[in-house]
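This report refers to the structure that appears directly beneath it.
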Amino acid sequence: MRIVVVDDDRLVAVSLKTILETEGRIQVVATGQDGEEALFLYQKHQPDVLLMDIRMSHMSGLEAAEKIITQYHDARILFLTTFSDDAYIIKALHIGAKGYILKQDYEGIAPALEAVYKGQTVFGGQVLDKLPGFMQEDSFDYAQAGITPKEYEIIELVSQGFSNKEISEKTFLSEGTIRNYLSNILNKLELRDRTQLAVFYYNSDFAANKM
């Protein structure tokens, strides 16, 4: 797996490179210190995953991520930061980041990168605890939008971070069928990808309309 690490603390970036490359499964192809460098390095290397801080000089990680995802829709961006501010988390998810973990969870960085590389959405423990609190007061009627009970089940599993393979095993459906379900769900809800679906789910009062 090829990744780019961007952190405003050069020592942190270099240390992450050393730690992540220890086992040999991850190659850090470049490191940077701000959002502008993140843009340049992503365009140059087009890594499998971009591991990036949020608060940085010149251009924040959130600004850089939004520009990158606008240009590269399949970009996998994992935020690694010391800040668990609600506004940052919501913004990161809305722009399509694939995960948000805290630097305190350093032992989980490599597994999180692996998960994002495999197409999963990853949240650190403290971040995951916050997600239900982001729900809006107004409920969303999934049935009115044409979402079937089976599709709703898949929405729940996607929002919990399970991959298509894992969902396939849990629902006893083929991965191809899961992909078709997911495509139909995104079309019905007018969403771009599974990350936006997870954000939509947590921004809805799903308990009030659970099928």
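Numbers for residues simply follow the sequence, beginning at 1. Keep in mind that the numbers below use all heavy atoms, side chains included, and drop hydrogens, waters and symmetry copies. Computed from a predicted structure; not experimentally measured.
Lys17 and Glu21 are joined by a salt bridge, as a carboxylate oxygen and a charged side-chain nitrogen come within less than 4.0 angstrom of each other.
The cationic atom of Lys170 (NZ for Lys, CZ for Arg) lies less than 6.0 Å from the six-membered ring centre of Phe162 and within 45° of the ring axis.
More than 12 non-hydrogen atoms from other residues, nucleotides or ligands lie less than 6.0 angstrom from CZ of Arg192. Within 6.0 Å of atom OH in Tyr72, more than 12 heavy atoms from other residues, nucleotides or ligands are found, so the atom counts as buried in its surroundings. With a 6.0 Å radius and a threshold of 12 heavy atoms from other residues, nucleotides or ligands, Asn187 has its CG atom above the threshold. By the 6.0 Å contact criterion, NZ on Lys188 is enclosed, its count of non-hydrogen atoms from other residues, nucleotides or ligands being greater than 12.
Using modelled atom types, no side-chain atom of Ser183 and backbone atom of Arg179 make a donor-acceptor pair closer than 3.5 Å. Remark: side-chain polar atoms of Asp48 are paired, donor with acceptor, to backbone N or O of Arg2 under 3.5 angstrom. Ser168 places a side-chain N or O within 3.5 Å of a backbone atom of Leu173 that can act as its donor or acceptor partner.
A 4.5 Å side-chain heavy-atom check between Leu189 and Ile155 finds at least one atom pair inside the cut-off. You'll find the side chain of Leu80 stays beyond 4.5 Å of the side chain of Leu78, heavy atoms only. Counting only heavy atoms from C-beta outward, the side chains of Ile95 and Ile77 never approach each other to under 4.5 Å. Two residues are said to be in side-chain contact when any heavy atoms from C-beta on lie closer than 4.5 Å; Leu157 and Thr171 meet this criterion. By the 4.5 Å heavy-atom criterion applied to side chains, Val29 and Val4 are counted as neighbours. In this structure, Gln71 and Gln43 have side chains that are in contact, with non-hydrogen atoms separated by less than 4.5 Å. Considering only heavy atoms from C-beta on, Asp193 stays 4.5 Å or farther from His73 through its side chain.
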Given the rule in the side-chain contact (heavy atoms from CB on, under 4.5 Å) test, do Tyr117 and Ile3 qualify, once you have shown the distances and angles that lead to the verdict? CA-CA 10 Å; Tyr117 177 60; Ile3 75 165; over 6 Å; no

Between Val6 and Asp53, does the side-chain contact (heavy atoms from CB on, under 4.5 Å) criterion hold? Intermediate values first, please. CA-CA 6 Å; Val6 179; Asp53 196 358; over 6 Å; no

Evaluate the side-chain contact (heavy atoms from CB on, under 4.5 Å) criterion for residues Leu197 and Leu182: first the C-alpha distance (whole Å), next the side-chain angles of each, then the deciding distance (0.1 Å), finally the verdict. CA-CA 10 Å; Leu197 178 60; Leu182 187 55; 3.7 Å; yes

Please evaluate residues Arg25 and Glu114 with respect to the criterion side-chain contact (heavy atoms from CB on, under 4.5 Å), reporting the C-alpha separation (whole Å), side-chain torsions for both, the decisive distance (0.1 Å), and the verdict. CA-CA 9 Å; Arg25 296 196 305 271; Glu114 295 278 3; 3.0 Å; yes

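In this structure, CD on Glu63 lies 9.5 Å from CD on Glu36, to the nearest 0.5 angstrom.
Cluster annotation: Val49 is not connected to Ile19 through the hydrophobic network of ILVMFWY side chains, with a link wherever side-chain heavy atoms come within less than 4.5 Å. Under the 4.5 Å side-chain contact rule for hydrophobic residues, Phe40 and Ile68 share a cluster.
The shortest heavy-atom contact between Met59 and Lys67 is CE-CE, 3.8 Å. The two atoms that bring Ile101 and Ala112 nearest to each other are CD1-CB, 3.9 Å, heavy atoms only.
The one candidate from Ile154, Leu191, Thr148 that meets the side chain to side chain contact (heavy atoms under 4.5 Å, CB included) condition with Ile185 is Ile154.
Below 30°, between 30° and 60°, or above 60°: for Tyr142 and Phe200 the angle between ring planes is above 60°, a perpendicular geometry.
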